[in-house]
Q: 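Sharing a structure here in structure tokens format.
Note that the structure is a prediction, hence the values are computed from the model and not measured.
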Protein chains: 2
Amino acid sequence: MKGTPADQQHLAWLARSFGRPDYLPLSPADLEVLSRAGEIVKKYPGTHLFKEGAAATSAFLVREGEVDLYRGPSDRREVVGRVGPGAVIGDIAMFSGQPYISSARAVGHVTAFLFDRDRLLPELARSPAITLRWLVASLTQLERTQRRVLNLMHKTVLAQVAGLLVNEADDRNEVALSQATIATLLGASRQSVNEALNQLKRRGHVETGYRLVRVLDRSELSRVAAED
Amino acid sequence: MKGTPADQQHLAWLARSFGRPDYLPLSPADLEVLSRAGEIVKKYPGTHLFKEGAAATSAFLVREGEVDLYRGPSDRREVVGRVGPGAVIGDIAMFSGQPYISSARAVGHVTAFLFDRDRLLPELARSPAITLRWLVASLTQLERTQRRVLNLMHKTVLAQVAGLLVNEADDRNEVALSQATIATLLGASRQSVNEALNQLKRRGHVETGYRLVRVLDRSELSRVAAED
DNA sequence: GTTACAATGTCAGCGATCCGACATTCCGAA
DNA sequence: TTCGGAATGTCGGATCGCTGACATTGTAAC
């Protein structure tokens, strides 16, 4: 998350819609079938997979490494999200025939499968099952984004934080994120998140540590998340 | 929009993502091909096409009339959108195998084509071109929703209003919406919208009338919409 | 262990927006 | 033409979250 201009953190909540790792339309088996629709590419750290505004002729399936998604000119970058293996990026622009809406840059060494539009479409026409799976994935994503908006529109930061903790807690009931990161994900300020966590702590619903929040009372948190 | 609890207006901006009439994945020709996947149904005013929380076994293509989309229990309805002919509803839930996220109720007399999940999937498997078109439509919708979020997150009401006017102005440069409706669409309060319109009026970018806003300087409005 | 950096905790001030309340204006139906 | 509901214009108070500033605490690298 470094380098994110503080005054534009908000954009990054989109990490959760653009870049959620569970946006996984394609299985390895699918990729096998589609192998003729593109090829493996390797990217060095800092290089671009695609740039905002360019004609979208390709989409990428990230296989190794992480990719940052940006918007805006390089001197005024707005980090939109970071995605890892399994994520498909650039497909929206490629399919709808519009320019890329964001830039994608390799964070470390990245291996990705590049889909070439002109080769992909015929292959998809031959594999309706895969197309259907892709459709389902995109609709799921759409639903998630819509739902997210409902939260962001009229929920207080407290409710948003509670909701995020419920969703993000692992099997040990822990969320290993810094408060600054949580703030970025929600599009709120670090201070507001801190204040919200304090409140939850005071009520005994969570404990906080360094880069860590432990969920003590999940059901109570859900209740808080539903308020407002 | 009547009956919308004032304190939940915000939900309704989703009219623009849930319900935009340009979410039209299927052409009449497509429907012809898919005719075996379901059948025509007619609904009387006030009856439901589907209800929130029910198992989603069908999606609907509206052919005549208008349909309201709700969320929440009937005593505390939150109008989410209203769609007309051409719109497809319920497809997200149907494809992802989850319960409907909202209820759909006929406003007037409605004719719709009901897709039965179990009959639709095989037909789609046989018509990859249609599946692909559906995919593209859903991705376009996803992009629109994401873009919308960017606007809503950190733009002032003034900028949002300006943006809406630019998008919504017809060929006579008029927007025939009440200020309350505009507020609902943007998830803002009527008062804030009024204030914003006054400001635009003072600057000479628009004129206002009864249930009407006339755009005088489109380019200037676009500039305002881009601010913040 | 020291040190540098990252993360957390806390405060005051400020701006945008929401809310409730009210007066005014417009439109359409009786 | 009159009348009632809908839409618009305008206030002041209250709230939420942001910004900027700073002290404190934790972590990891040397």
Q: Who passes side-chain hydrogen bond (donor to acceptor under 3.5 Å, both in side chains) against A:E195, sequence neighbours left out?
A: none
Q: Would you please name every residue forming a salt bridge (charged side-chain N to carboxylate O under 4.0 Å, His left out) with B:R203, sequence neighbours left out?
A: none
Q: C:dT17 P sits how many Å from B:L197 CG, rounded?
A: 13 Å
Q: Cut-off 3.5 Å, side chains only: do A:S138 and B:S138 have a donor facing an acceptor?
A: yes
Q: In whole angstrom, give the distance that lies between atom NZ of A:K155 and atom C1' of D:dC16.
A: 16 Å
Q: Not counting sequence neighbours, which residues clear side-chain hydrogen bond (donor to acceptor under 3.5 Å, both in side chains) with A:E174? List them please.
A: A:R214
Q: Out of D:dG9, C:dC18, D:dT19, which has the shortest distance to the side chain of B:T208?
A: D:dG9
Q: So does B:T156 get a side-chain nitrogen or oxygen closer than 4.0 Å to the phosphate oxygens (OP1/OP2) of C:dT17?
A: yes
Q: Polar-atom pairs under 3.5 Å, protein N or O versus N or O of nucleotides 10-14 of chain D: list them with distances, or write none.
A:
residue	atom	partner	partner atom	Å
D:dT10	OP2	B:N198	ND2	3.3

Q: Using atom CD of A:E207 as one end and atom C1' of C:dT8 as the other, report the distance to the nearest whole Å.
A: 16 Å
Q: Rounded to whole Å, how long is the line connecting atom NZ of A:K201 with atom C1' of C:dT10?
A: 12 Å
Q: By side chain to side chain contact (heavy atoms under 4.5 Å, CB included), which residues pair with B:A93, not counting sequence neighbours?
A: B:A56, B:Y100
Q: Think B:S189 has a side-chain N or O under 4.0 angstrom from the OP1 or OP2 of C:dC19?
A: no
Q: Taking A:S103 for its side chain and A:E52 for its backbone only, find out whether a donor-acceptor pair lies under 3.5 Å.
A: yes
Q: Using the test side-chain hydrogen bond (donor to acceptor under 3.5 Å, both in side chains), find all partners of A:S192 that sit at least two apart in sequence or belong to another chain.
A: A:S189
Q: Find the bend of the helix from C:dG1-D:dC30 to C:dA30-D:dT1 as the angle between its two terminal axes (five pairs each), to the nearest 10°.
A: 40°
Q: Can you list everything that forms a side chain to side chain contact (heavy atoms under 4.5 Å, CB included) with A:S222? Sequence neighbours excluded, please.
A: A:V166
Q: May I have the distance from A:L212 (atom CG) to C:dA7 (atom P), rounded to whole angstrom?
A: 14 Å
Q: Which residues satisfy the side-chain hydrogen bond (donor to acceptor under 3.5 Å, both in side chains) test with B:S96, sequence neighbours excluded?
A: none
Q: According to side chain to side chain contact (heavy atoms under 4.5 Å, CB included), who are the partners of B:K43, at least two apart in sequence or on a separate chain?
A: B:T47, B:L49, B:A106, B:V110
Q: List in chain and number order the residues that pass side chain to side chain contact (heavy atoms under 4.5 Å, CB included) with B:K42, two or more places apart in sequence or in another chain; answer none if no residue qualifies.
A: B:T111
Q: How close or far is atom C1' of D:dG17 from atom CG of A:L186, stated in whole angstroms?
A: 13 Å
Q: For nucleotides 25-30 of chain D, which of its nitrogen or oxygen atoms have a protein nitrogen or oxygen under 3.5 Å away, and what is each distance?
A:
none

